[in-house]
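The basis for the numbers below is simple: all heavy atoms, side chains too, and nothing from hydrogens, waters or symmetry mates.
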Protein chains: 2
Amino acid sequence: MVAPHALRDGAVAKHEQLRARLAEMCRTSLSPGDALPSERQLCDLYGVSRTTVRDAVGQLVTEGMLVRIHGKGTFVAEPHARSQLHLASFHEDMRRLGLTPTTVVLLAETAVPPPVTVVNLGLRSRDQALHLRRLRLADNAPISVDDAWYNLIELPGLDQLDLHASIYQALEQRYQKPVDRAEQTVRAAEADDVVATVLGIRPGSPVLRFDRVGYHQDTPLEHAQSWYRSDRYELQMSLTQ
Amino acid sequence: MVAPHALRDGAVAKHEQLRARLAEMCRTSLSPGDALPSERQLCDLYGVSRTTVRDAVGQLVTEGMLVRIHGKGTFVAEPHARSQLHLASFHEDMRRLGLTPTTVVLLAETAVPPPVTVVNLGLRSRDQALHLRRLRLADNAPISVDDAWYNLIELPGLDQLDLHASIYQALEQRYQKPVDRAEQTVRAAEADDVVATVLGIRPGSPVLRFDRVGYHQDTPLEHAQSWYRSDRYELQMSLTQ
DNA sequence: CGACCCAACTGGTCATGACCAGTTGAAGAA
DNA sequence: TTCTTCAACTGGTCATGACCAGTTGGGTCG
């Protein structure tokens with residue numbers, strides 16, 4: 001008897017292949033609350049050992065896509081993109097969640113930033129800064145908009161670069177000034193008309209609003225505000241004493 | 001040959017025992033950057049199979065205490081520069097901000113909690129738990145509502161105590177089980193009618209919603225959801241590499 | 001009828017053993 | 001000397017197989 005959905009031997013580990021297929025199954029043919037086939041059934045279906053099945057399922061449980069209940073089964077969790085609290089660019093963040101990130105640049109200009117930003121970036125009154133407004137998507141679904149200002153005094157020529165590439169990567173590789181610290185506040189807010197339109201939600205819907213200043217060794221490089229769709233994004237954090 | 005630090009057979013899973021010992025080792029006798037014994041050495045040292053060693057080490061890697069490098073070894077990570085996101089009770093939290101906290105108990109009962117809570121608290125299907133719904137005020141202004149379940153298996157008699165006093169203080173002083181770790185997720189949500197009424201805001205207003213599990217040394221004690229008025233509360237955090 | 005028990009599920013744990021894939025340093029070749 | 005090779009580490013993957021521990025529903029016994 002051959003397994004109905006056998007996995008390939010090869011470069012990609014079987015538990016990775018299985019993880020991907022199960023994730024796909026959760027997104028498409030199953031709904032939150034539905035039970036997955038039992039682990040032993042998955043062994044037969046995909047022609048792998050239980051070790052491999054438990055590995056694949058375990059990853060999805062860790063990521064929050066599945067929930068295991070001893071004696072009952074494994075179930076599809078309520079869907080939520082979930083971000084650990086870390087210092088990562090949007091691209092890294094999404095890839096860590098197994099999603100494909102895309103960025104649409106809505107606005108790119110060099111201008112004098114608003115007073116708050118001038119203060120946060122340690123600029124003088126009439127210094128110019130790079131202003132980017134970007135829409136962020138994961139697997140082609142809008143996740144967030146962010147409105148960011150970059151310090152051109154510390155990052156000369158940044159406005160000449162390809163803005164579709166990762167800014168964080170440029171800071172690290174071209175300027176040797178990676179963002180190694182950030183201060184941010186998070187609050188719940190209503191989406192205004194502009195944000196709502198771009199994110200594809202109703203104006204007034206709740207969004208997570210981040211206000212963040214990124215530093216390289218105490219030099220402020222970035223001041224950004226971001227608005228995240230609350231139905232597709234949540235913060236996850238561990239607290240210890 | 002007997003393993004030098006053999007683990008006990010018994011109620012606690014070996015990978016849990018090993019996880020605890022390795023965590024202890026990291027905190028006491030090792031420094032960030034130090035290598036752990038290799039997985040095969042750990043097998044011999046603790047008299048367990050590699051499955052178990054990988055399980056225990058894997059948990060600590062997930063938690064960020066260890067880092068595995070293929071071909072080189074497993075190393076103690078830099079201690080997470082965790083934020084000022086404090087592990088504090090509402091009362092401590094508010095006093096730190098110079099406000100006077102008050103609590104109104106809206107509901108107190110002993111009941112079988114919903115499935116999610118059963119899982120989070122590590123209960124069995126029909127175990128009962130203490131259910132508290134409380135309104136929190138600072139300087140007499142409503143700040144948040146929280147809906148919490150407490151583990152009565154680990155905290156027998158908690159339901160007999162004065163619920164207006166600080167629960168956290170009782171956990172610490174009466175049970176010697178302070179909450180020393182918590183996992184929480186944060187998202188933006190709309191206030192439903194109940195929450196809106198109690199908080200004195202319009203239904204549909206954005207609120208910060210916390211979902212939190214509090215632990216004492218890996219024993220889950222508390223599962224709580226909280227809704228915070230977004231106009232009176234925001235999260236502040238520092239992120240470092 | 002109701003209480004109990006048990007078989008047949010579910011996931012949880014663990015040992016054994018094999019082989020693959022990076023890393024490193026020492027032995028040998030140029 | 002310097003470069004190459006390779007053996008002996010490291011962690012990564014996977015199969016097999018056993019038994020434990022919750023859950024559930026159906027059947028039996030009182």
Side-chain angles (χ1 to χ4, degrees), chain A residues 1-3 6-22 33-62 65-77, chain B residues 1-3 6-22 33-62 65-77 112 115 118-127 153 218:
Chain A
M1 181 57 187
V2 172
L7 302 176
R8 284 184 299 277
D9 282 344
V12 181
K14 289 187 181 179
H15 66 82
E16 270 305 324
Q17 296 181 52
L18 182 53
R19 194 201 79 92
R21 294 225 203 162
L22 294 178
D34 286 356
L36 225 63
S38 78
E39 295 181 353
R40 288 166 180 86
Q41 284 171 18
L42 291 173
C43 293
D44 295 341
L45 284 169
Y46 293 95
V48 295
S49 73
R50 198 160 156 230
T51 311
T52 304
V53 168
R54 279 193 66 78
D55 201 340
V57 171
Q59 291 175 54
L60 294 173
V61 168
T62 300
M65 181 176 284
L66 295 175
V67 178
R68 281 204 263 234
I69 301 181
H70 189 178
K72 297 189 71 174
T74 303
F75 304 85
V76 180
Chain B
M1 182 56 188
V2 171
L7 302 175
R8 284 185 298 277
D9 281 346
V12 181
K14 290 187 182 178
H15 67 81
E16 272 304 326
Q17 295 181 52
L18 183 53
R19 194 200 79 93
R21 295 224 202 162
L22 295 178
D34 288 356
L36 226 62
S38 79
E39 295 181 352
R40 288 165 179 87
Q41 283 171 16
L42 290 173
C43 293
D44 296 340
L45 284 169
Y46 293 95
V48 295
S49 74
R50 198 159 157 231
T51 312
T52 305
V53 168
R54 279 192 66 79
D55 201 339
V57 171
Q59 290 174 55
L60 294 173
V61 169
T62 301
M65 182 177 285
L66 295 176
V67 179
R68 279 203 266 234
I69 302 182
H70 189 179
K72 297 190 70 172
T74 304
F75 304 86
V76 179
V112 174
V118 170
V119 172
N120 281 328
L121 292 183
L123 302 177
R124 279 163 305 182
S125 291
R126 281 171 291 275
D127 283 342
I153 305 295
D218 300 325

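With values rounded to the nearest 0.5 angstrom, A:R19 atom CZ is found 10.0 Å from A:L66 atom CG. Atom OG1 of B:T74 and atom CG of B:L60 lie 10.0 Å apart (nearest 0.5 Å).
One atom, CG of A:L66, and another, P of C:dT10, lie 16 Å apart when rounded to the nearest Å. The interatomic distance linking B:K14 (NZ) with D:dA18 (C1') rounds to 14 Å, in whole Å. Straight-line distance from the NE2 atom of B:H15 to the P atom of D:dA21: 13 Å, rounded to whole Å. The CG atom of B:L18 sits 10 Å away from the P atom of C:dA15 (whole-angstrom rounding). In this structure, A:Q59 atom CD and D:dG12 atom P are separated by 12 Å, rounded to whole Å. Put simply, CZ on A:F75 is 12 Å from C1' on D:dG22, counting in whole angstrom units. If you take CD of B:E39 and P of D:dG11, they are 5 Å apart, rounded to a whole angstrom. Rounding to whole angstrom units, CG of residue A:L22 and P of C:dG11 are separated by 12 Å.
Nearer to the 5' terminus of DNA chain D, by closest-nucleotide assignment, is the contact made by A:D55 (compared with the other of A:G71 and A:D55). Where B:V118 and A:V53 meet DNA chain D, the nucleotide closest to each residue was compared, and A:V53 sits on the side nearer the 5' end. Take the nearest nucleotide of DNA chain C for B:T51 and for A:R50: the residue whose nucleotide is more 5' is A:R50.
Regarding contacts with the backbone of D:dG12, a side-chain N or O of B:R68 is found under 4.0 angstrom from either OP1 or OP2. A sub-4.0 Å separation between OP1 or OP2 of D:dT10 and a side-chain N or O of B:Q41 is present. Side-chain nitrogen and oxygen atoms of A:K72 include none within less than 4.0 Å of the OP1 or OP2 phosphate oxygen of C:dC9. The phosphate of C:dG12 (OP1 or OP2) has a side-chain N or O of A:R54 nearer than 4.0 angstrom. At the phosphate of D:dG11, OP1 or OP2 sits under 4.0 Å from a side-chain N or O atom of B:T74.
Put simply, the side chain of B:E39 never gets that close to the backbone of B:R54: no donor and acceptor are under 3.5 Å apart.
Remark: the B:H70 side chain and the C:dG22 base include no donor-acceptor N/O pair separated by less than 3.5 Å.
Ranking C:dG12, D:dC14, D:dT10 by closeness to the B:S38 side chain, first place goes to D:dT10. Distances from the side chain of A:R40 to the nucleotides C:dG11, C:dT23, D:dA15 place C:dG11 closest. Listed nucleotides D:dG11, C:dG12, C:dC14 differ in distance to B:A13; the shortest reach to its side chain belongs to C:dC14. Listed candidates were D:dC14, C:dA15, D:dT24. Nearest to the side chain of A:S49 is D:dC14.
Considering only heavy atoms from C-beta on, B:D127 stays 4.5 Å or farther from B:V118 through its side chain. B:F75 has its side chain within reach of B:I69: a pair of non-hydrogen atoms, C-beta onward, lies under 4.5 Å apart.
Contacts of A:E16 with the nucleic acid, taken as non-hydrogen atoms under 4.0 Å apart, are absent.
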From CA spacing to verdict: side-chain contact (heavy atoms from CB on, under 4.5 Å), A:Y46, A:Q17 | CA-CA 10 Å; A:Y46 293 95; A:Q17 296 181 52; over 6 Å; no
